[in-house]
Each structure stands twice: as structure tokens, then as C-alpha cells.
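Quick notes on the structure that follows.
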Amino acid sequence: MADLDGKVIIIGGASRNLGGLLARTVGARGAKVVVHHNSDSSAAQAKDTAAAVREAGGESLVHQADLTAVAGVEGLFAAARERFGAPYAAVNTAGMVLKKPVTEVTEDEYDRMFAVNSKAAYFFLREAAKEVTDGGKIITILTSLLAAYTGLYSVYAGSKAPVEHFTRALSKELFGRNVSVNAVAPGPMDTPFFYPAETDESVAFHKSSAMNGDLTKIEDIVPWLEFLLTDGWWANGQTIFLNGGYTTR
Ligand SMILES: NC(=O)c1ccc[n+]([C@@H]2O[C@H](COP(=O)([O-])OP(=O)(O)OC[C@H]3O[C@@H](n4cnc5c(N)ncnc54)[C@H](OP(=O)(O)O)[C@@H]3O)[C@@H](O)[C@H]2O)c1
């Protein structure tokens, strides 16, 4: 596999779960990892993740920013550049879920979901496009719900959906620089992000919809991210559904 030793990798939402495991994984391969978090409540986990990156042989920088503000996104990339130089890759895992019938979604909820899932992702892509080195990698995280015929996730899946197009458009614009830009769409993942929106019955249904009767694990997603960051560079402009067959497209 291509080398990540000394490569600067910015990870949006890296304090724990998917982003946290990716940080530790690339850190163990010698990457210089920018561990981003947003909430004060995730500061300790971001610090732990950054420490784990260093213990594994990489370097790390913790940076807090609300990525729904463009200045927050710009500040994240500026901090990375100042500390480590130009990034090789940027992966945005920031997201927010809402499960509700359309008739119950408020204006505030709609605006918040689109701010986190669409706007933050758009400007993360914009800054990544400006900052990553030629031959670099950019990855966004969507949801396998984009291939599902289902209600209740209108604003969650609906605010992730534009990011597929943003990702494809940027991949085309970066032709000539050999920067691969892709989206990964996991199935329902076994992290604390997933459960508050669900009931015991719906969790059982989600589990029954994959080939092994279980949820998607972050350990099943991170190797694909690692591959896209290295030898998988020929994938470009794609949305890769990773879900044990939960949905297909
Ligand atoms: N778990 C699932 O079932 C599932 C399935 C498919 C796709 N996904 C997607 O996978 C990604 C990672 O999810 P996860 O399960 O690993 O949960 P997670 O750790 O809770 O990831 C969500 C991240 O979004 C960040 N975030 C929220 N609001 C933000 C803001 N305003 N600015 C910047 N960052 C913000 C959070 O940071 P703070 O906590 O610091 O605010 C957190 O790191 C998300 O994009 C999610 O939509 C999840």
C-alpha cells in the first residue's frame, strides 16, 4: 500500500467513532493528523485520540471549530497548514441525524441539519480543494439511506444528498491535479450517533437488513477510507456504499 508516513491528513469530526478510528489508523502509519472536534464535550476525546495518534508513531494537532461557519472551516485548514504544511488529504465525517415525519420537522431543525450536513461539507470541500497537494485525496461521508426508499429521514438523507453532487462536481474540477475526490456512504453504524434516533424495533429492522444480521461497524469502513487515501486513488467522483447489502444502487 502507498505510504502515509509524514503525510498531513485533516479529519473533520475526529474525536471518536468513525473519524476517531480513522485518525488512529492513519496515525499508526506515521501520518500527521489534524484531529478536529466541534463541541466542548468532545474535547477530552479529541485529546485522547490525538495522544493515541502520537503513541502509534504519528503526529497530531487538535483543533476545535464549528464547521457550519465558513470561518471555522477556513480556520481548520489554516491551523493545519501553519502546524504541518500543506495537507495531503482531508476527510470530513461531521454530520447530524434527525429521524422524524416531514409533518413534525421544524424550521430550526431543517436549518441546523442543512448547516451541518450540507453547508459544512460544501465549504470543507472548497477549502480542501484549495489546500490539498497534487495527488491528494478528499473524502466526504454520506449515508446508505441515499439508496433507500424510506420515510422519516427526509432531512437527514436530504441534507446529505447534495454532498454527493458537490463531491462529484469537485472531482471533475480537480482533473489534472490527480486529486481523488470520493464519497463513502456507510450503512447504519454501531456508534452512539445512531441509537438516539432509533427504537429497539427499528434497530432490529436495520440489523436484519444486512447480510450478517448486524449493523455496520466502523472497523468495516475505515479500511476502505485507508484504501481511498492510498492505493485506491483511481476511484474518483464515486459514491461508495458500504453496508453489507443494506441498500444498493
Ligand atoms: N452512525 C451511523 O449510523 C451513520 C451511518 C451512516 C453515515 N453516518 C455518518 O458518519 C459520520 C460519522 O458518524 P459517527 O457515527 O462516527 O458519529 P459521530 O462521532 O457523532 O460523528 C459526528 C461528528 O460530527 C461532528 N459535528 C457535529 N456538528 C458539527 C459542527 N457544527 N461542526 C463540526 N463538526 C460537527 C461531531 O463533532 P462534535 O461531537 O465535536 O460536535 C462528530 O465528530 C457522520 O457524518 C454521519 O452522518 C453515520
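Quick note: residue numbers are just sequence positions, from 1. Atoms within a ligand are numbered from 1 in the order they appear, just like the ligands themselves.
In terms of heavy atoms, Ile221 sits closest to Pro186 at CD1-CB, 3.8 Å.
By the salt bridge (Lys or Arg N to Asp or Glu O under 4.0 Å) test, Arg112 is found to be paired with no residue, residues two or more places apart in sequence or in another chain being considered.
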Between side-chain atoms of residues 76-88 and protein atoms elsewhere (two or more places apart, or another chain), which donor-acceptor pairs fall under 3.5 Å?
from	atom 1	to	atom 2	distance (Å)
Arg81	NE	Glu131	OE1	3.0
Arg81	NE	Glu131	OE2	3.4
Arg81	NH2	Glu131	OE2	2.8
Tyr88	OH	Lys137	NZ	3.2
Tyr88	OH	Leu229	O	2.6

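Sorted by chain and number, the residues within 4.0 Å of ligand 1 by heavy atom are Gly13, Arg16, Asn17, Leu18, His36, His37, Asn38, Ser39, Ser42, Ala65, Asp66, Leu67, Thr68, Thr93, Ala94, Gly95, Arg112, Val116, Ile141, Leu142, Tyr156, Lys160, Pro186, Gly187, Pro188, Met189, Thr191, Phe193, Phe194.
The hydrophobic cluster containing Leu215 also includes Phe194, Tyr195, Val203, under a criterion of side-chain heavy atoms closer than 4.5 Å among ILVMFWY residues, counted directly or through chains of members.
Side chains of Ile218 and Met189 form a contact here, defined as non-hydrogen atoms less than 4.5 Å apart.
For the side chain to side chain donor-acceptor pair (under 3.5 Å) test with Thr167, the passing option among Asn92, Asn182, Thr140 is Thr140; the others fail.
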